[in-house]
Peer 1: 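Let me give you the structure first, and then I'll get to my questions.
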Amino acid sequence: MTMKISVLGLGYIGLPTAAMLATHGHHVYGYDTNARILDRLANGDIHIEEPGLLAFVRDALATGRLTPTPAIEAADAYLICVPTPFDTVTKKADLSYVENAAKSLVPLVKRGDLVILESTVPAGTTEDVLAPILATTGLDPRTDLHVVHCPETVLPGNTILELQRNNRIVGGLTPAATAAAVAMYESFVQGAIVTTNARTAEFVKLVENAYRDVNIAFANETAKVARGMGIDSREAIRIANMHPRVNVHQPGPGVGGHCIPVDPWFLIQAHPDTPIMRAARAVNDAMPGYVVDVTRQMLEGVEGSQVALLGLSYKGNVDDVRESPSLTIAKLLPEHIPGCSVRIHDPHVPEDRHAGVGLEDAVDGADVLIIATDHDEFRRLDPAGLAARMRRPRVVDARGILDRDAWTTAGFLVERL
Ligand code: SAJ
């Protein structure tokens, strides 16, 4: 069954999903409020760095079934993939993009249409925010429309594969709505499609990301304990994880991205008595400060120190800097280390977006390197070549990606998290 589908929001999820639907026979119209995204698409170009996505989108455009549109096209199914930004002060979700998307559908929806919300939202949003706006059409969201929440679960950096292979949770306001959405997702999803109601689907997505946040916080706390005892935390975690019921995550400079540092707050907001989730947030948010502290100890006695901060994006091989711990590290370094100056290098983030410099410019004359992001390029760094360029060969490996022995042999003092 092929459908006419309008995708609202062509970001990290909407764009690959629109291309996926088009390559699976549907007629897809992609809408975004940002005209630059549409212009680039019209020229066969995309605005996101994601492995394989450019070729995938070009293939979809070549089918003639993916059409970027400057206004929302009337369709049989509407997929809402808009951002749900987060107010860092109030710790609340900003649902204005979801509300605006819903309002823009009011003149378009007709009896029998499918409206799917994929954006990550506080539990209850589909029922309490989306449905009432759709009800202003005069149609009943339960009996006249199929209104559904289907959370996206793909891992940035592996989006295309995960869009197809991951299980999907489909939660409709009614069983008929769920069935209508399942029919659409079946056209490209190879994983299992699990059905539930909308509120539970929203909740499950938040639980998945909160679980990960808590587990990463445990790894970070473990790393701090281990370092204080002269133990390599990564070796300890690797061995502990050989136990069949243990799966400790990896320590790092903190948790970034638009999902894991944000989603636990949607649960905390709904139920304030959540000490474990709150503690995990605090532990992970404190990690950039810990990295700066380790760096400060390495620079003891150095006047006018130069730091080369390698990696700005929130994780390896992506260009996304949202909530990135590196941004906090860059801000804290001069605040906590008097006279310190910072040069940033990230091969994945365009230099004009963050005042970055090339690798050599960042490293020349530096007193310490901080590996803040696990980009593949950094795994391949040549320690001898870098040591020759630096004033003092020292490195804080916050991602645990360097070969400690090789770097020590090249003359580096190595601190590894
Ligand atoms: N991180 C660690 N230690 C780890 C794992 C991750 O410090 O052991 C850090 C990363 O470096 C990064 C942050 O946590 O800064 C988050 O990275 P991630 O790769 O764990 O997750 P995201 O944010 O890229 O994607 C998550 C995924 N959720 C889960 O794995 C439960 C993804 O499947 C979701 O689709 C996505 O959030 C989302 O959109 O919600």
Side-chain angles (χ1 to χ4, degrees), residues 9 11-14 16-17 48-51 81-86 93 117-122 149-163 165-169 191 201-224 233-234 237-238 240-241 246-267 280-281 283-288 290-291 311-329 346 348 371-375 378 397-401 417:
Y12 290 88
I13 299 301
T17 305
I48 301 167
E49 187 194 350
E50 168 66 33
C81 305
V82 296
T84 39
F86 170 69
L117 178 63
E118 284 208 5
S119 313
T120 304
V121 289
H149 180 67
C150 177
E152 61 81 14
T153 59
V154 297
L155 195 71
N158 199 25
T159 297
I160 297 168
L161 210 64
E162 293 209 354
L163 258 186
R165 299 212 181 143
N166 285 5
N167 297 345
R168 287 308 285 239
I169 306 160
E202 291 159 337
F203 184 72
V204 169
K205 162 75 193 213
L206 302 177
V207 168
E208 289 168 353
N209 281 350
Y211 163 83
R212 209 153 158 82
D213 197 43
V214 169
N215 207 325
I216 296 168
F218 179 75
N220 284 332
E221 198 162 274
T222 301
K224 288 195 264 182
S233 65
R234 290 180 194 264
I237 289 171
R238 182 177 62 78
N241 284 351
V246 174
N247 178 24
V248 182
H249 286 30
Q250 293 303 310
V255 172
H258 59 300
C259 307
I260 296 184
V262 172
D263 295 357
W265 287 109
F266 296 177
L267 294 171
R281 282 285 68 245
V283 168
N284 290 335
D285 277 351
M287 286 313 287
Y290 183 72
V291 172
L312 200 67
S313 58
Y314 81 95
K315 67 174 188 176
N317 305 322
V318 300
D319 67 347
D320 193 340
V321 301
R322 285 178 291 179
E323 313 291 328
S324 176
S326 293
L327 296 170
T328 312
I329 293 172
D346 190 309
H348 291 262
I371 307 286
T373 306
D374 46 347
H375 289 316
F378 299 158
D397 179 9
R399 294 288 182 170
I401 58 171
L417 212 68

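In listed order, ligands and their atoms are each counted from 1.
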Peer 1: Are any of the N/O atoms in Val255 less than 3.5 Å from those in ligand 1?
Peer 2: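 The answer is no, given that Val255 and ligand 1 share no N or O pair closer than 3.5 Å.
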Peer 1: First locate atom CD of Glu208, then atom CG of Asp213, and finally report the distance between them rounded to the nearest 0.5 Å.
Peer 2: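 That separation rounds to 14.0 Å.
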Peer 1: Please work out whether any backbone atom (N, CA, C, O) or any side-chain heavy atom from C-beta onward of Arg399 is under 4.0 Å from ligand 1, and answer side chain, backbone, both or neither.
Peer 2: side chain
Peer 1: Quick one: does Gly256 get a heavy atom under 4.0 Å from ligand 1?
Peer 2: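 Gly256 counts as a contact of ligand 1 under the 4.0 Å cut-off.
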Peer 1: Would Thr153 count as a polar contact of ligand 1, with the cut-off being nitrogen or oxygen pairs under 3.5 Å?
Peer 2: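 Among all N and O atoms of Thr153, at least one is under 3.5 Å from an N or O of ligand 1.
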Peer 1: Taking N or O atoms only and a 3.5 Å limit, does Gln250 qualify as a polar contact for ligand 1?
Peer 2: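 N/O-N/O distance below 3.5 Å exists for this pair.
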Peer 1: Quick one: sort the His249 and Tyr211 rings into parallel, tilted or perpendicular, breaks at 30° and 60°.
Peer 2: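 His249 and Tyr211: perpendicular rings.
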Peer 1: Can you pull out the closest protein heavy atom to atom 21 (O) of ligand 1? Residue, atom name and distance to 0.1 Å, please.
Peer 2: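 That would be Ile260 CD1, 3.5 Å.
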Peer 1: Do me a favour and list the nearest non-hydrogen protein atom to atom 28 (N) of ligand 1 with residue, atom name and distance?
Peer 2: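 Result: Asn209 OD1, 2.9 Å.
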Peer 1: Look at ligand 1 and say whether Glu162 reaches it with a heavy atom at a distance under 4.0 Å.
Peer 2: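 Checking ligand 1 against Glu162, which is what was asked, there is no heavy-atom contact under 4.0 Å.
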Peer 1: Can you tell me how far NZ of Lys205 sits from OG1 of Thr120, rounded to the nearest 0.5 angstrom?
Peer 2: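 Thr120 atom OG1 to Lys205 atom NZ measures 3.5 Å (nearest 0.5 Å).
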Peer 1: Where is the nearest protein heavy atom to atom 27 (C) of ligand 1: which residue, which atom, and how far?
Peer 2: Leu155 CD1, 3.7 Å
Peer 1: Between Val82 and Gly9, what is the shortest heavy-atom contact and its length?
Peer 2: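 Taking Val82 first and Gly9 second, the nearest heavy atoms are CG1-CA, 4.4 Å.
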Peer 1: Can you name the nearest heavy-atom pair linking Ala280 to Val214, along with the distance?
Peer 2: CB-CA, 3.7 Å
Peer 1: How far is atom 39 (O) of ligand 1 from its nearest protein heavy atom, and which residue and atom name does that atom have?
Peer 2: Glu152 OE2, 2.4 Å
Peer 1: What atoms in ligand 1 come closer than 4.0 Å to a heavy atom of Pro156?
Peer 2: 24 (O), 25 (O)
Peer 1: Please state which protein non-hydrogen atom is closest to atom 24 (O) of ligand 1 and give its distance, to 0.1 Å?
Peer 2: Tyr314 OH, 2.6 Å
Peer 1: Could you list the atoms of ligand 1 found under 4.0 angstrom from a heavy atom of Val154?
Peer 2: 32 (C), 33 (O), 34 (C), 35 (O), 36 (C)
Peer 1: From the options Glu118, Glu208, Arg322, Lys315, select the one whose nearest heavy atom is closest to atom 18 (P) of ligand 1.
Peer 2: Lys315
Peer 1: Near His249, which atoms of ligand 1 are under 4.0 Å from a heavy atom of that residue?
Peer 2: 8 (O)
Peer 1: Judged by atom type as modelled, is there a donor-acceptor pair below 3.5 Å linking the side chain of Lys315 to the main-chain atoms of Pro156?
Peer 2: yes
Peer 1: For Arg212, take its heavy atoms, then give the atoms of ligand 1 lying under 4.0 Å from any of them.
Peer 2: 5 (C), 20 (O), 29 (C), 30 (O), 31 (C)
Peer 1: Just verifying a value: how many Å separate Leu417 CG and Arg399 CZ, rounded to the nearest 0.5 Å?
Peer 2: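 That separation rounds to 10.0 Å.
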Peer 1: Regarding ligand 1, does Lys205 bring an N or O atom to under 3.5 Å of one of the ligand's N or O atoms?
Peer 2: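 Yes; at least one N/O pair falls below 3.5 Å.
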Peer 1: How far is atom 38 (C) of ligand 1 from the closest protein heavy atom, and which atom is that?
Peer 2: Cys259 SG, 2.8 Å
Peer 1: Please check if the side chain of Glu118 supplies one atom and the backbone of Pro151 the other of a donor-acceptor pair under 3.5 Å.
Peer 2: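 Here the side-chain-to-backbone pair does not exist.
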Peer 1: For a quick check under 3.5 Å, do Ser313 and His375 share a side-chain donor-acceptor pair by atom type?
Peer 2: yes
Peer 1: With a 4.5 Å limit on heavy-atom distance, are the side chains of Ile329 and Pro288 in contact?
Peer 2: yes
Peer 1: Can you tell which of Leu417, Asn158, Ile216 gets a heavy atom nearest to atom 9 (C) of ligand 1?
Peer 2: Ile216
Peer 1: So Arg322 and Tyr12, do their side chains get closer than 4.5 Å, heavy atoms only?
Peer 2: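 SC-SC contact between Tyr12 and Arg322 confirmed.
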Peer 1: Please check if the side chain of Glu152 supplies one atom and the backbone of Ser119 the other of a donor-acceptor pair under 3.5 Å.
Peer 2: no
